[in-house]
Amino acid sequence: QVQLVESGGGLVQAGGSLRLSCAASGSIFSINAMGWYRQAPGKQRQLVATITSSSTTNYADSVKGRFTISRDNAKNTVYLQMNSLKPEDTAVYYCAAGRSSTILIRALVNYWGQGTQVTVSS
């Protein structure tokens, strides 16, 4: 089994920045792709960004140019640097990991973190 623990959420004004971290533990040898999804109130959980074991990245169009995903394999940690935050970025952000080479589809996510709240005030 794999455990994912997020940190770094909080309240920030529009235009500000936050960095989320997600540390993986347990059967980490089974992890290939990692990433972040988010869920706003009343909406479905949506992809934010993913990164493969070879550091290939993908981003949702809504965050391209503002968010950067990175991965430290030695620390089994994935990061999400969020700049130029907007009120519409407000959501619970979930760390995700999968045994497949990609987690661009929710069905390929095998492990979820507990979520961390990000609130952007206008």
Side-chain angles (χ1 to χ4, degrees):
Q1 194 58 278
V2 171
Q3 294 78 44
L4 303 174
V5 179
E6 302 109 330
S7 60
L11 173 64
V12 65
Q13 288 188 333
S17 298
L18 283 174
R19 188 175 86 149
L20 305 183
S21 300
C22 172
S25 62
S27 302
I28 57 175
F29 60 88
S30 66
I31 294 175
N32 194 339
M34 297 187 74
W36 296 89
Y37 279 71
R38 68 185 181 187
Q39 188 167 17
K43 295 188 177 181
Q44 291 189 337
R45 194 171 298 189
Q46 297 179 324
L47 174 74
V48 177
T50 66
I51 186 167
T52 68
S53 58
S54 58
S55 297
T56 298
T57 58
N58 281 281
Y59 296 92
D61 287 343
S62 59
V63 306
K64 282 181 181 177
R66 300 188 298 122
F67 291 12
T68 302
I69 190 170
S70 61
R71 181 170 179 170
D72 186 335
N73 290 325
K75 295 183 178 180
N76 304 312
T77 301
V78 63
Y79 305 96
L80 185 68
Q81 178 65 44
M82 304 185 293
N83 299 329
S84 302
L85 282 161
K86 304 175 181 180
E88 50 263 44
D89 293 319
T90 295
V92 177
Y93 283 69
Y94 294 91
C95 182
R99 295 187 290 270
S100 300
S101 60
T102 178
I103 52 169
L104 290 174
I105 303 172
R106 268 190 68 180
L108 295 177
V109 175
N110 300 111
Y111 310 106
W112 292 100
Q114 80 284 358
T116 186
Q117 177 71 45
V118 171
T119 303
V120 184
S121 63
S122 56

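Values in this document were obtained by computation on a predicted structure and should not be read as measured data.
- Every pair tested for ring-ring contact (aromatic ring centres under 6.0 Å, His included) that includes a residue from residues 78-110 fails, sequence neighbours excluded, so the list is empty.
- In this structure, the separation between CE on M82 and CZ on R19 is 11.0 Å, given to the nearest 0.5 Å.
- In this structure, Q1 contributes its side chain and G26 its backbone to no donor-acceptor pair below 3.5 Å.
- Among pairs with a residue in residues 40-65, none fulfils ring-ring contact (aromatic ring centres under 6.0 Å, His included), at least two apart in sequence or across chains.
- Looking only at distances, a side-chain donor or acceptor of R71 sits under 3.5 Å from a matching main-chain atom of T52.
- Using a 4.5 Å heavy-atom threshold, the side chains of S62 and R38 count as touching.
- The CG atom of L85 sits 11.5 Å away from atom CD of Q13, with the distance rounded to the nearest 0.5 Å.
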Could you pull out every donor-acceptor pair under 3.5 Å between side chains of residues 115-122 and any protein atom, sequence neighbours left out?
from	atom 1	to	atom 2	distance (Å)
T116	OG1	G9	N	3.4
Q117	NE2	A91	O	3.4
Q117	NE2	T119	OG1	3.3

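- Looking only at atom types and distance, the side chain of N32 has a donor-acceptor partner in the side chain of S53 under 3.5 Å away.
- A salt bridge links D61 with K64: at least one charged nitrogen is closer than 4.0 Å to a carboxylate oxygen.
- Summarising the geometry, atom OG belonging to S55 is positioned 6.5 Å from atom CG belonging to N73; distances are rounded to the nearest 0.5 Å.
- Hydrophobic clustering keeps I69 apart from V109 (ILVMFWY residues linked when any side-chain heavy atoms are closer than 4.5 Å, directly or through intermediates).
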Pair up each side-chain donor or acceptor in residues 95-107 with any protein partner under 3.5 Å, not counting sequence neighbours, and list the distances.
from	atom 1	to	atom 2	distance (Å)
R99	NH1	Y111	OH	3.0
T102	OG1	L104	N	3.1

For I31 and V2, what are the C-alpha separation, side-chain angles and deciding distance, and is it a side chain to side chain contact (heavy atoms under 4.5 Å, CB included)? CA-CA 8 Å; I31 294 175; V2 171; 3.5 Å; yes
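- S17 meets the side-chain hydrogen bond (donor to acceptor under 3.5 Å, both in side chains) test with N83; sequence neighbours excluded.
- Across every non-hydrogen atom of L18 and G8, the tightest pair is CD2-O, 3.9 Å.
- Expressed to the nearest 0.5 Å, how far CD of Q114 lies from CD of Q3 amounts to 11.5 Å.
- In this structure, CD on Q46 lies 9.0 Å from CD on Q39, to the nearest 0.5 angstrom.
- Take Y37 and apply the ring pair (Phe, Tyr, Trp, His ring centres under 6.0 Å) test, not counting sequence neighbours, and it matches W112.
- By the criterion of side-chain heavy atoms lying less than 4.5 angstrom apart, applied directly or through intervening Ile, Leu, Val, Met, Phe, Trp or Tyr residues, I51 is grouped together with I28 in one hydrophobic cluster.
- Note that CG of L80 and CE of M34 are 12.0 Å apart. Values are rounded to the nearest 0.5 Å.
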